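On a predicted model such as this, the values are computed, not experimentally measured, just so you know.
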Protein chains: 2
Amino acid sequence: MSSYSPGETAEKTGFSIDTLRYYEKIGLLSEVARNAAGRRVFSDDDLKWLSMLRCLRETGMPIAEMLRYSELARGGGETVEERLALLQAHDERVEEQIRRLRTQQKQIHWKIGLYRDSLSEETPASVPAAASASA
Amino acid sequence: MSSYSPGETAEKTGFSIDTLRYYEKIGLLSEVARNAAGRRVFSDDDLKWLSMLRCLRETGMPIAEMLRYSELARGGGETVEERLALLQAHDERVEEQIRRLRTQQKQIHWKIGLYRDSLSEETPASVPAAASASA
DNA sequence: ATCGCACCTGGAGCGCACTCCAGGTCAACG
DNA sequence: CGTTGACCTGGAGTGCGCTCCAGGTGCGAT
């Protein structure tokens with residue numbers, strides 16, 4: 001197997017058909033092949049590329065930068081250094097993102113702790129041990 | 001000290017003055033105090049609340065849900081359970097977010113590795129050992 | 001007195017990343 | 001031969017979260 005209808009591609013990549021068309025239109029996807037009827041035919045390479053796009057997208061890379069990356073990727077071997085630099089910069093942002101999430105998660109955990117405490121202080125007189133018994 | 005001008009507040013919280021006004025308008029900030037001239041005067045409590053909002057926002061909680069949380073917070077002690085549940089649910093999403101980022105980061109690292117390899121294969125004839133020597 | 005400045009208001013505008021729509025084509029199925 | 005369904009196009013619309021703007025006010029410094 002090596003070619004996929006738009007529907008299959010949407011299903012496999014998690015992008016909607018509309019998004020696939022949109023990505024092609026703005027140049028993230030460089031001229032997808034067509035069959036006799038003018039319908040898109042995605043290749044295995046397209047799927048691989050889409051999976052890379054998905055990864056970049058979900059880690060928060062803006063479309064403009066993915067576009068830059070796509071252009072480089074089309075540019076052949078001379079652009080490898082620049083692509084490397086771009087990915088490394090992005091990787092650092094992802095790292096930073098994770099660090100921040102963890103820091104903020106601590107704040108959330110602390111708040112959750114406060115709420116837990118305030119709930120356990122509230123029980124003494126009110127409920128005669130209704131719900132929540134053992135762990 | 002215990003009261004802050006809009007400008008100070010913006011500086012300390014990282015929200016723009018416009019955003020502070022917007023948050024008050026939509027109800028994330030419940031009637032900020034005013035001085036004689038009608039200008040906002042933020043309290044220490046406001047700053048604490050804003051820091052919580054910032055934390056939720058940056059971990060990806062949509063405004064609609066922060067709104068729900070704000071309403072609960074205004075609702076007094078009876079809403080503690082619900083606030084707890086809300087934060088716990090959010091915490092799980094944050095956890096999931098971190099997991100996904102890490103997974104995707106692996107894909108990025110792998111790609112970076114490919115680029116590194118393809119660069120080191122390119123050197124043999126060209127450069128006579130210019131940059132990058134040890135380590 | 002008047003200037004500059006930080007702030008006020010209501011409402012319009014923006015950037016991003018899609019998402020939806022109307023109207024049309026083609027292939028296959030009954 | 002008619003209908004269905006997946007797909008096509010260009011372009012308009014959407015949702016989110018701000019951000020900007022015009023026009024105005026009050027206060028301290030010159």
Side-chain angles (χ1 to χ4, degrees), chain A residues 3-43 46-47 49-71 90 93 97 100 104, chain B residues 3-43 46-47 49-50 52-70 90 93 97 100 104:
Chain A
S3 76
Y4 312 87
S5 72
E8 283 170 326
T9 308
E11 199 184 345
K12 279 173 190 286
T13 62
F15 291 118
S16 75
I17 293 189
D18 270 325
T19 299
L20 292 172
R21 282 200 276 256
Y22 167 66
Y23 278 8
E24 185 182 359
K25 181 155 60 181
I26 65 173
L28 277 182
L29 222 49
S30 74
E31 294 307 293
V32 176
R34 305 298 182 108
N35 66 14
R39 298 181 177 194
R40 287 175 184 78
V41 178
F42 293 87
S43 68
D46 290 330
L47 290 226
W49 177 245
L50 283 167
S51 132
M52 188 67 199
L53 289 184
R54 176 143 281 274
C55 172
L56 297 178
R57 196 69 206 82
E58 291 198 340
T59 47
M61 185 182 284
I63 295 240
E65 195 171 344
M66 299 205 306
L67 211 46
R68 173 88 186 116
Y69 183 60
S70 307
E71 279 157 14
H90 183 60
R93 286 194 300 267
Q97 219 185 129
R100 291 169 67 106
Q104 282 150 343
Chain B
S3 77
Y4 311 87
S5 72
E8 284 170 325
T9 309
E11 199 183 344
K12 279 173 190 284
T13 62
F15 291 118
S16 75
I17 293 190
D18 270 325
T19 299
L20 291 172
R21 282 201 276 259
Y22 168 67
Y23 278 8
E24 185 182 359
K25 180 155 62 181
I26 65 173
L28 277 181
L29 222 49
S30 73
E31 293 308 291
V32 176
R34 303 300 181 109
N35 66 14
R39 297 181 179 195
R40 286 174 184 80
V41 177
F42 293 87
S43 68
D46 288 332
L47 290 228
W49 178 244
L50 282 167
M52 188 68 201
L53 289 185
R54 176 144 280 275
C55 170
L56 297 177
R57 196 70 204 83
E58 292 199 340
T59 48
M61 184 181 285
I63 294 241
E65 196 171 343
M66 301 204 305
L67 211 47
R68 173 87 187 117
Y69 183 60
S70 308
H90 183 59
R93 286 194 300 267
Q97 219 184 129
R100 291 169 66 107
Q104 282 151 342

Roughly how many Å is it from CE in M61(A) to C1' in dC16(C), rounded to a whole number?
16 Å
S51(A) side chain vs L47(A) backbone, donor-acceptor pair below 3.5 Å:
no
From CD1 of I26(A) over to P of dG10(D), roughly how many Å is that when rounded to an integer?
15 Å
Side chain of R57(A) - closest among dA17(C), dC8(C), dG17(D)
dA17(C)
Just how far, in rounded Å, is P of dG5(D) from CD1 of I17(A)?
15 Å
Given atom CD of E24(A) and atom P of dC18(C), what is their separation to the nearest angstrom?
16 Å
Below the 4.0 Å mark, does dT19(C) have OP1 or OP2 next to a side-chain nitrogen or oxygen of T19(A)?
yes
Please check if atom CD in E65(A) has more than 12 non-hydrogen atoms from other residues, nucleotides or ligands closer than 6.0 Å.
yes
To the nearest Å, give me how far apart CZ (R34(A)) and P (dA6(D)) are.
19 Å
Plane angle bin for Y23(B) and F15(B) - parallel if under 30°, tilted between 30 and 60°, otherwise perpendicular:
perpendicular
Mapping Y22(A) and A36(A) onto DNA chain C by nearest heavy atom, which one lands closer to the 5' end?
Y22(A)
Assign each of D18(A) and A37(A) to its nearest nucleotide of DNA chain C by heavy atoms, then name whichever residue's nucleotide is nearer the 5' end.
D18(A)
Any side-chain N or O of R40(B) less than 4.0 Å from the OP1 or OP2 oxygen of dC7(C)?
no
Distance in angstrom units between L20(A) CG and dA6(D) P, rounded
16 Å
Could you give the NZ-to-P distance, from K25(A) to dC18(C), as a whole number of Å?
13 Å
To check you understand the geometry: which heavy-atom pair defines the closest contact between L53(B) and L28(B), and what is its length?
CD1-O, 3.9 Å
Between R54(A) and E58(A), is there a side-chain N and carboxylate O pair less than 4.0 Å apart?
yes
Would you tell me if any nitrogen or oxygen in the side chain of S5(A) comes within less than 4.0 Å of OP1 or OP2 on dC7(D)?
yes
Identify whether any heavy atom of Y23(B) sits under 4.0 Å from a base atom; if not, whether one sits that close to sugar-phosphate; answer base, sugar-phosphate or nothing.
sugar-phosphate
Within the modelled atom types, does a donor on one side and an acceptor on the other bring the side chain of R39(B) and the base of dA6(C) under 3.5 Å apart?
yes
Taking the minimum atom-to-atom distance to the side chain of P6(A), which one of dC8(D), dC8(C), dT19(D) wins?
dC8(D)
Give one of base, sugar-phosphate or nothing for R21(A), where a contact means two heavy atoms less than 4.0 Å apart.
base
Separation of atom CG in L50(A) from atom P in dC18(C), rounded to whole Å
12 Å
Assign each of G7(A) and P62(B) to its nearest nucleotide of DNA chain D by heavy atoms, then name whichever residue's nucleotide is nearer the 5' end.
G7(A)
